[in-house]
Amino acid sequence: LAELLALLKRHDAAGYLQAMQQRLARQGLLAFVQDTVAPLTEQVGTAWENGSFEVFEEHLFTELTKRVLRQSIGALPPGRGPRLMPTSVPNEEHVLGLLMAEALFALEGVDCIPLGTQMPLLDIARAAEAHAADIVALSFSQAFPQRQIPALLRQLRAALPAHIALWAGGSGTARLAPVDGVRLLPGLADALDALATWRHGERSP
């Protein structure tokens, strides 16, 4: 991934996009998300934290990577189900985790309802009912205050009808204790496991 990081440090947006699209073509979307985007996101985050990446360089990475992922998701055929609504709570603006999960779900034929990030909890619940969602999937990055997550999940679980599953994923959930009525998915593989379980009829967390 050093080549990709170097392109970002040189502020070569066109070169980065070309390199990412070449990797996508070679790897296929599943491996591209798991073996390129996920570890690259982690490395960029580390570089930003230790000061070797500027804020604007991290933003460039995010925007260009979002573009590649959204184009890839848009090229897939419509999903057949379940209906899944990926989003995040207020003050959680990191979107790449959501897009990575959405790409994997879309590859599995899930019907994803994209509403973006930072949705108020009651609006998430209302949207889930309006769209007849089967699953609401939230993403929490490592930057989100972990101590706030359990209360937010319990509040949203109480606002959602019992038949709508609530999943929470992302690196921010890696060390969370279990929350009643919520399935925690700290890794991308956990998300695919949850989908397989749901499809086998075990819809309760």
Side-chain angles (χ1 to χ4, degrees), residues 1-79 84-119 124 137-145 168-174 185-192:
L1 304 177
E3 173 203 356
L4 295 169
L5 291 169
L7 288 166
L8 292 166
K9 283 299 293 180
R10 292 202 299 270
H11 314 137
D12 185 355
Y16 176 80
L17 277 176
Q18 183 180 19
M20 288 289 274
Q21 285 161 348
Q22 287 171 343
R23 274 179 171 257
L24 173 60
R26 284 199 309 269
Q27 294 179 309
L29 184 54
L30 178 62
F32 176 70
V33 167
Q34 294 179 323
D35 300 336
T36 293
V37 181
L40 187 63
T41 301
E42 190 173 329
Q43 289 192 26
V44 170
T46 300
W48 177 79
E49 286 174 2
N50 66 27
S52 57
F53 249 55
E54 301 285 350
V55 170
F56 68 86
E57 291 167 337
E58 189 267 344
H59 279 234
L60 180 70
F61 158 72
T62 299
E63 292 306 311
L64 294 177
T65 307
K66 276 163 49 179
R67 188 184 304 178
V68 175
L69 287 173
R70 285 193 168 124
Q71 287 172 346
S72 303
I73 293 167
L76 295 171
L84 182 142
M85 197 174 78
T87 187
S88 72
V89 300
N91 301 317
E92 176 52 277
E93 60 188 24
H94 292 82
V95 72
L96 281 182
L98 272 182
L99 282 175
M100 283 189 275
E102 186 180 338
L104 297 192
F105 286 137
L107 275 172
E108 292 292 321
V110 173
D111 181 9
C112 292
I113 308 157
L115 295 180
T117 58
Q118 303 195 75
M119 288 269 290
I124 293 173
L138 299 181
S139 176
F140 292 97
S141 66
Q142 207 158 5
F144 194 86
S171 54
T173 67
L185 316 170
L188 291 170
D190 300 307
L192 296 179

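Remember, it's a predicted structure, so these values are computed and weren't measured experimentally.
- Taken from CD in Gln27 to OG1 in Thr36, the straight-line distance is 3.5 Å, to the nearest 0.5 Å.
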task = In sequence, state the C-alpha distance, the side-chain angles, and the governing distance for Leu4 and Gln43, and then conclude on side chain to side chain contact (heavy atoms under 4.5 Å, CB included).
result = CA-CA 11 Å; Leu4 295 169; Gln43 289 192 26; over 6 Å; no
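- Rounding to the nearest 0.5 angstrom, the gap separating the CG atom in Leu69 from the CZ atom in Arg67 is 12.0 Å.
- A donor-acceptor contact shorter than 3.5 Å is absent between the side chain of Thr87 and the backbone of Thr117.
- Applying the salt bridge (Lys or Arg N to Asp or Glu O under 4.0 Å) criterion to Glu58, with sequence neighbours excluded, gives no partner residue.
- Counting only residues at least two apart or in different chains, salt bridge (Lys or Arg N to Asp or Glu O under 4.0 Å) contacts with residues 3-28 comprise Lys9-Glu57.
- Checked against salt bridge (Lys or Arg N to Asp or Glu O under 4.0 Å), Glu63 has the following partners two or more places apart in sequence or in another chain: Lys66.
- In this structure, CG in Leu76 is found 12.5 Å from CD in Gln71, a value given to the nearest 0.5 Å.
- Looking at Val37 and Val68, their side chains never come closer than 4.5 Å, going by heavy atoms from C-beta outward.
- The OG1 atom of Thr65 lies 2.5 Å from the OH atom of Tyr16; values are rounded to the nearest 0.5 Å.
- Summarising the geometry of Ser72 relative to Leu29, their closest heavy-atom pair is CB-CD1, 3.9 Å, with the distance given to 0.1 Å.
- The shortest distance between side-chain heavy atoms of Phe61 and Leu5 does not fall below 4.5 Å.
- One distance of note links OG1 of Thr173 with CG of Asp190; it measures 8.0 Å at 0.5 Å rounding.
- Among residues two or more places apart in sequence or in another chain, the ring pair (Phe, Tyr, Trp, His ring centres under 6.0 Å) test is passed with Phe140 by Phe144.
- Atom-to-atom distance recorded for Leu84:CG and Ile113:CD1 is 7.5 Å, nearest 0.5 angstrom.
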Distance-only check: which donor-acceptor pairs under 3.5 Å involve side-chain atoms of residues 94-107, not counting sequence neighbours?
residue: His94; atom: ND1; partner: Glu92; partner atom: OE1; Å: 3.1
residue: His94; atom: ND1; partner: Ser141; partner atom: OG; Å: 3.3

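- By the 4.5 Å heavy-atom criterion applied to side chains, Met85 and Ile124 are counted as neighbours.
- The minimum heavy-atom distance linking Ala47 with Asn50 is given by the pair O-OD1, 2.8 Å.
- No more than 12 heavy atoms of other residues, nucleotides or ligands lie within 6.0 Å of CG in Asn91, so this atom counts as exposed by the packing criterion.
- Of the possible polar contacts, one joining the Ser88 side chain to the Gln118 backbone as a donor-acceptor pair under 3.5 Å is found.
- Qualifying ring pair (Phe, Tyr, Trp, His ring centres under 6.0 Å) partners for His11, counting only residues two or more places apart in sequence or in other chains: Phe56.
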